[in-house]
Amino acid sequence: EVQLVESGGGMVQDGGSPTLSCEASGFTFGVFIMAWFRQAPGKEREGVSCISSSDGITYYKDSVKGRFTISRDNAKNTVYLQMNSLKPEDTAVYYCASRYYSDSLFCDLDYYGMEYWGKGTLVTVSS
């Protein structure tokens, strides 16, 4: 059974720096693109960041560049999202997602292309 289980969410203050984790099981983690999406109240789900299956090619949504860092540990089947300088507009449910792609040096935030999704973890930034 495929599972993506996010953790690390909660209430944080403006400017806080939590780290989200997503532990994967049930598929060959090391050959899958991993990504983080988020959905704010009343808004559509949007891609935040992704990382290739190897060599750490990453991509970030413009509004989080320089503040968020995605990383992965293939030995632990886990992807992380280090979030710094959080703002109230970062408040959202954060979802982990994954898809297989043959090129190990590629990642994208194709919502419809993602094969597996976690259930999400809520991050609330208070001002």
> Met83 versus Leu20: any side-chain heavy-atom pair under 4.5 Å?
Replying inline: yes
> What's the spacing between Lys87 NZ and Ser63 OG if we round to 0.5 Å?
Replying inline: 7.5 Å
> Would Tyr59 and Val48 show up in the same hydrophobic cluster when neighbours are defined by side-chain heavy atoms closer than 4.5 Å?
Replying inline: no
> Does CD belonging to Gln13 count more than 12 external heavy atoms closer than 6.0 Å?
Replying inline: no
> Shortest non-hydrogen contact from Val64 to Tyr60?
Replying inline: CG2-CB, 4.1 Å
>> Could you measure the distance from the CG atom of Leu81 to the OG1 atom of Thr121? Nearest 0.5 Å is fine.
In response: 11.0 Å
>> Restricting to non-hydrogen atoms, name the atom on Cys107 and the atom on Ser52 that form the minimum distance, rounded to 0.1 Å.
In response: CB-N, 3.7 Å
> What closest approach, in Å, do Asp108 and Met114 show between heavy atoms, and which atom pair accounts for it?
Replying inline: O-CE, 3.4 Å
> Is Tyr101 reachable from Met34 through a run of I, L, V, M, F, W or Y residues, each pair having side-chain heavy atoms under 4.5 Å apart?
Replying inline: no
> Does the cation-pi check pass for Arg45 over Tyr111, that is, NZ or CZ under 6.0 Å from the six-membered ring centre and within 45° of its axis?
Replying inline: no
> Which distance, rounded to the nearest 0.5 Å, do you find between the NZ of Lys119 and the CD of Gln3?
Replying inline: 7.5 Å
> Out of curiosity, Leu86 CG to Thr91 OG1, how far, rounded to the nearest 0.5 Å?
Replying inline: 8.0 Å
> Ignoring hydrogens and geometry, is there a side-chain-to-backbone donor-acceptor pair from Glu6 to Cys96 under 3.5 Å?
Replying inline: yes
>> Looking only at side-chain N and O atoms, does Thr78 offer a donor or acceptor that is under 3.5 Å from a partner on Glu23?
In response: no
>> Using side-chain heavy atoms (C-beta onward) and a distance below 4.5 Å, is Cys50 in contact with Leu109?
In response: yes
> Yes or no on salt bridge (Lys or Arg N to Asp or Glu O under 4.0 Å) for Lys65 and Asp62, after CA distance, side-chain angles and deciding distance?
Replying inline: CA-CA 5 Å; Lys65 280 181 184 176; Asp62 283 347; 3.1 Å; yes
> Are Ile33 and Ile70 connected in a single hydrophobic cluster, I mean Ile/Leu/Val/Met/Phe/Trp/Tyr linked by side-chain heavy atoms less than 4.5 Å apart?
Replying inline: no
>> Could you check whether any side-chain heavy atom of Leu105 comes within less than 4.5 Å of a side-chain heavy atom of Ser54, counting everything from C-beta outward?
In response: yes
> Less than 4.5 Å apart, any side-chain heavy atom of Asp90 and any of Phe68?
Replying inline: yes
>> Does the plane of the ring in Tyr95 sit parallel, tilted or perpendicular to the ring in Trp117? Use 30° and 60° as the thresholds.
In response: perpendicular
> Is there side-chain contact between Tyr100 and Val31, with heavy atoms separated by less than 4.5 Å?
Replying inline: yes
> Any salt bridge between Arg38 and Glu46, counting N to O under 4.0 Å?
Replying inline: yes
> Is any side-chain heavy atom of Trp36 closer than 4.5 Å to a side-chain heavy atom of Cys22?
Replying inline: yes
>> How close do Gln82 and Pro18 get, counting heavy atoms only, and between which atoms?
In response: NE2-O, 3.7 Å
> Which heavy atom in Leu4 sits nearest to a heavy atom in Ala24, and how many Å separate them?
Replying inline: CD2-CB, 3.5 Å
> Taking side chain as C-beta onward, heavy atoms only, is Ser21 less than 4.5 Å from Tyr80?
Replying inline: yes
> Do Asn74 and Phe29 come within less than 4.5 Å of each other through their side chains, counting heavy atoms only?
Replying inline: yes
>> If you compare all heavy atoms of Val123 against all heavy atoms of Val12, which two are closest, and at what distance to 0.1 Å?
In response: CG1-CG2, 4.4 Å
